[in-house]
Structures are given as structure tokens and as C-alpha cells.
Amino acid sequence: MPPLNQTMEKRVASVNTNLVGLTRDSLRETLVGRGTDPTKVAMRVSQVWHWIYQQGVRDFNLMTNLSRDYRRELRASCEIKVPDLVKRQISQDGTRKYLFRLQDGREIETVYIPDDDRGTVCVSSQVGCTLNCSFCHTGTQRLVRNLSAGEIVGQVLATRDDLDEWPKKGQKSGTPRLLSNIVLMGMGEPLYNFDNVRDAMKIVMDGEGISLSRRRVTLSTAGVVPKIRRAGEEIGCRLAISLHATTDEIRDQLVPINRKWNLATLFTELRDYPRLSNSERITFEYVMLDGVNDSDEDARRLVKWIEGIPAKVNLIPFNFWPQSPYRRSTPERIQRFASILLKSGYASPVRTPRGEDIMAACGQLKSECQPRLKTQR
Ligand code: SAH
């Protein structure tokens with residue numbers, strides 16, 4: 001019998017490296033490690049990226065501008081893998097909810113939302129979430145783990161697969177896009193998985209990667225204050241804050257991370273963000289909960305908080321989920337709240353719930369992977 005570590009080495013050697021989600025630097029290292037000529041590696045990185053992110057190719061054999069031998073070498077030690085689509089639901093309004101299975105069997109949800117002028121994919125950054133926001137369904141699910149950069153970018157690639165949006169033979173890439181925007185508003189807190197989210201978004205925004213303008217990428221956070229500055233400096237996409245309350249007392253209940261970083265701390269940090277990232281306005285998300293955070297005083301306090309920040313407010317009618325203790329504010333209340341904001345100069349569109357009939361709306365995502373995994377064991 002061979003010694004144990006030798007068997008292990010063999011096994012490790014037989015696992016191919018997934019190239020999806022590798023930064024330019026890691027891909028360069030990987031390719032040089034697989035025998036690529038270092039003087040040619042920059043060009044190889046561009047070529048491989050082009051095939052993966054702009055052409056949707058998953059098979060090295062189709063990378064026709066690489067020599068046959070080189071393709072064979074890559075195939076022997078690398079792979080191009082995206083999460084497996086396990087289930088797809090399509091709402092009456094066209095919203096699509098995907099359940100993806102990851103390589104370790106965990107499951108995540110991703111949502112695609114078509115609009116007249118754009119198509120947005122809402123990606124997850126973690127399996128589950130640790131924040132425990134009391135009105136959010138995902139928060140009732142235990143965190144299992146962070147997603148890798150490959151699993152984050154992989155959701156975008158797999159969504160393009162489903163939309164059949166890869167250039168056809170002879171067609172140029174980059175023409176009208178069904179998938180034009182990305183929001184990090186699925187399961188998880190993106191700033192608790194900073195490095196992987198950053199690496200994934202770099203690929204999304206790179207002209208040789210998925211090539212979306214940074215104005216079309218929005219990262220939403222519940223307010224992980226120490227990471228906001230880095231998000232501005234190192235990612236530079238648009239920022240959304242899940243605000244949801246105007247007093248610490250209420251926000252402590254709704255978004256418990258507020259007990260760590262309260263409203264005053266959060267807003268001090270936010271005043272720097274647009275300058276740091278050279279970005280457009282910050283979006284404040286505000287869920288409308290009947291009798292909890294929807295009074296006229298709340299609207300006026302909200303205006304005070306955001307004064308001086310280039311901002312817009314998104315009012316989100318609460319999306320119900322079973323066992324939730326909250327109810328949605330009435331349409332009249334939401335209108336009245338919006339009109340107070342408008343008087344102070346803040347346009348505050350009321351977000352139309354999308355995909356409610358398939359539990360795909362904000363805060364409704366919750367994969368059922370845990371019980372299922374338990375029964376598998
Ligand atoms: N953790 C990040 C990313 C999740 S984004 C964050 O908190 O920003 C998901 C958005 O949907 C957040 O603004 C969240 O507060 C909101 N949301 C959660 N549950 C909701 C519900 N039941 N109805 C409406 N919006 C909800």
C-alpha cells in the first residue's frame with residue numbers, strides 16, 4: 001500500500017483548478033504553474049478571460065485561438081465550472097428565481113429581474129446570513145459559509161446560460177444585453193465576505209471580463225461600517241444601504257447590526273463614500289412596515305439623516321413570508337411618506353415587488369439546503 005500522504009497527493013493532483021473567479025493575478029500564476037511561457041502569460045490571461053466571460057465557453061477545446069497542445073494542457077489540469085442549476089421558477093411578471101447547487105452540495109438562490117430598459121441579476125454572496133434582520137426571511141437561515149469569487153461570478157454566467165445570452169457564431173459580443181445590471185442583494189452580507197466579493201466584482205467590471213460599467217453594479221450592505229471605506233476604494237461600484245429605520249431604538253430591532261454600528265457611526269462613514277469611489281448617489285433602502293417605521297416623523301428624520309449626502313431613497317413595500325411578525329404599510333401611508341421625502345428634494349421611487357408569487361422578492365430568499373443535507377447524511 002502506498003503511504004497515505006502519497007495517495008492524498010494523487011487525489012489532490014487529480015482535482016482540476018476552476019478558472020472561474022480567479023483574479024488576473026491568480027490566473028496568471030495558475031497558468032505559469034501549468035507551464036505557460038511567462039512572456040506570453042499576459043496574452044493568455046486575456047484570451048482565456050475572453051472565452052470564459054465574453055463568449056460563455058466552458059470547454060477548452062472551443063478556444064480556437066489557442067494551440068491544440070496548449071488546450072490539451074489546460075484541459076488536463078483546469079476546468080471552467082459554474083454552479084449547477086437545480087430548479088428554475090418563472091414568475092407571472094417574468095422574474096426568474098434560480099436554485100443553484102454548489103460543488104459541496106450547498107444551495108443558493110439567484111434572481112433575474114427583467115425590466116423595459118434593463119435586466120438585473122440579484123446575486124448572493126453567502127449561503128444564508130448572520131445578520132438576523134427581523135423582517136428578512138434569509139435571516140432565519142443559519143449561515144453556512146461564504147461564497148467563493150467563482151461562485152459569485154458563476155451565478156452571473158449561469159444566468160446568462162439560462163437567458164441564452166452568449167454571442168452566437170459570427171456575432172460580436174456586447175450587443176444588447178438581457179443581463180445589464182448586477183445587484184448584490186441576494187442572500188448574505190457582501191461586506192462580511194469582502195475579498196471574494198471584491199474579486200468577483202472586479203471581474204464583472206473589467207472590460208475584458210463581464211464588462212459591465214461600475215455604475216451598473218450595486219453592492220447593498222446592512223452597514224458593516226469598517227468595510228465601507230474599503231468598498232469605495234477597492235471596488236468602487238454603487239452603494240446601497242439597508243437603512244429601514246430612523247432611530248437607533250427601532251433599527252436595533254430591525255437590523256441588529258445597528259447595535260454594533262449605530263446610525264451616527266454609519267452616517268459619519270457614509271459622508272466620505274461618494275468622494276472615495278467617485279460614484280453616483282448612495283441608495284437608501286427603506287422597507288415599509290406597518291406601524292413600525294412608516295410615520296411622518298420617520299420620514300422627516302430620514303431627511304435629516306441623509307442631508308448633505310448625494311442620495312436617493314428606495315421605498316420597499318414589505319414582502320411577506322410565512323411566520324413573519326410584520327405587515328406591509330398601506331399604499332396611502334407609503335405615498336404620504338414618499339411625498340414628505342419629495343418635498344425635501346428626494347425622489348423616492350416605491351419599488352414594485354417583483355416575483356412575489358415565486359418567493360423571489362427582496363428578503364424572501366431562503367434555500368432549503370439544510371434539512372435536505374441532513375437527510376442525505
Ligand atoms: N445583507 C445585505 C444584502 C441583502 S439586500 C443588506 O442587508 O443590504 C436585500 C434587501 O432586501 C435589503 O435591503 C433587505 O433589508 C431587504 N429586505 C429583506 N427582507 C425584506 C422583506 N421581507 N421585504 C422587503 N425587503 C426586504
Side-chain angles (χ1 to χ4, degrees), residues 95 97 108-111 113 120-141 143 146-147 152 155 181-194 196-197 200-201 217-225 227-228 231 235 237-245 250-258 260-261 266 270 273 282-290 292-294 302 312-329 334 337 348-356 358-367:
T95 300
K97 182 166 85 168
I108 49 165
E109 290 183 329
T110 305
V111 179
I113 308 144
T120 305
V121 63
C122 175
V123 306
S124 291
S125 55
Q126 300 182 309
V127 182
C129 192
T130 51
L131 294 176
N132 287 315
C133 299
S134 54
F135 56 91
C136 178
H137 201 205
T138 312
T140 64
Q141 185 184 3
L143 171 81
N146 280 337
L147 297 184
I152 298 168
Q155 294 170 64
N181 291 53
I182 294 184
V183 293
L184 280 152
M185 296 188 186
M187 296 159 64
E189 168 49 52
L191 294 187
Y192 276 157
N193 184 14
F194 189 92
N196 294 339
V197 164
M201 292 308 109
V217 178
T218 304
L219 183 155
S220 177
T221 178
V224 182
V225 168
K227 294 286 166 60
I228 289 178
I235 308 176
C237 61
R238 302 189 59 169
L239 183 69
I241 301 289
S242 294
L243 189 62
H244 306 321
I250 300 295
R251 197 163 191 265
D252 281 352
Q253 290 169 30
L254 297 179
V255 187
I257 199 185
N258 193 69
K260 220 170 183 171
W261 298 292
L266 174 64
L270 289 180
Y273 187 86
I282 295 177
T283 301
F284 289 93
E285 297 159 276
Y286 199 94
V287 65
M288 298 299 290
L289 303 171
D290 186 30
V292 177
N293 63 356
D294 60 352
L302 177 52
K312 75 174 184 203
V313 180
N314 246 330
L315 298 177
I316 315 175
F318 171 64
N319 296 311
F320 188 78
W321 41 273
Q323 280 112 45
S324 152
Y326 300 106
R327 273 170 309 150
R328 178 179 291 185
S329 310
I334 298 177
F337 197 95
S348 41
V350 179
R351 200 188 279 171
T352 315
R354 298 291 302 268
E356 268 186 303
I358 54 168
M359 287 284 287
C362 297
Q364 292 187 316
L365 302 187
K366 180 181 176 177
S367 67

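Every number for a ligand or one of its atoms is a count from 1 in the order of the listing. In this chain, residues are counted from 1 in sequence order.
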Using distance alone, decide if ligand 1 has a nitrogen or oxygen within less than 3.5 Å of any nitrogen or oxygen in His137. no
Residue pair Thr221, Glu189: steps toward the side-chain hydrogen bond (donor to acceptor under 3.5 Å, both in side chains) verdict: CA-CA 6 Å; Thr221 178; Glu189 168 49 52; 2.8 Å; yes
Any idea which part of Phe320 is under 4.0 Å from ligand 1, heavy-atom wise: side chain, backbone, both or neither? neither
In terms of the angle between their ring planes, are His137 and Trp321 parallel, tilted or perpendicular, with boundaries placed at 30° and 60°? parallel
Which residue in the set Phe284, Phe135, Tyr326, Phe318 passes ring-ring contact (aromatic ring centres under 6.0 Å, His included) when paired with His244? Phe135
Please check whether Phe318 reaches ligand 1 - meaning an N/O of the residue sits under 3.5 Å from an N/O of the ligand, judged on distance alone. no
Which option out of Gly188, Ser220, Ala222 puts a heavy atom nearest to atom 1 (N) of ligand 1? Gly188
Would you indicate whether the side-chain heavy atoms of Arg251 and Leu243 approach each other to under 4.5 Å? yes
Would you tell me which option among Arg328, His244, Glu285 has the nearest heavy-atom contact to atom 14 (C) of ligand 1? His244
Element-labelled atoms of ligand 1 that are located less than 4.0 Å from some non-hydrogen atom of Cys136: 18 (C), 19 (N)
Residue Leu131 vicinity, atoms of ligand 1 by number, heavy atom under 4.0 Å: 1 (N)
Please work out whether any backbone atom (N, CA, C, O) or any side-chain heavy atom from C-beta onward of Val287 is under 4.0 Å from ligand 1, and answer side chain, backbone, both or neither. side chain
Report yes if some heavy atom in the side chain of Asn193 is under 4.5 Å from a heavy atom in the side chain of Ile152; otherwise report no. yes
With the side chain counted from C-beta on, respond yes when Leu184 and Ser220 share a heavy-atom pair under 4.5 Å apart, and no when they do not. no
Under 4.0 Å, heavy atoms only, figure out whether ligand 1 is touched by the backbone of Glu189, its side chain, both or neither. both
Judging by distance only, is a nitrogen or oxygen of Leu184 under 3.5 angstrom from one on ligand 1? no
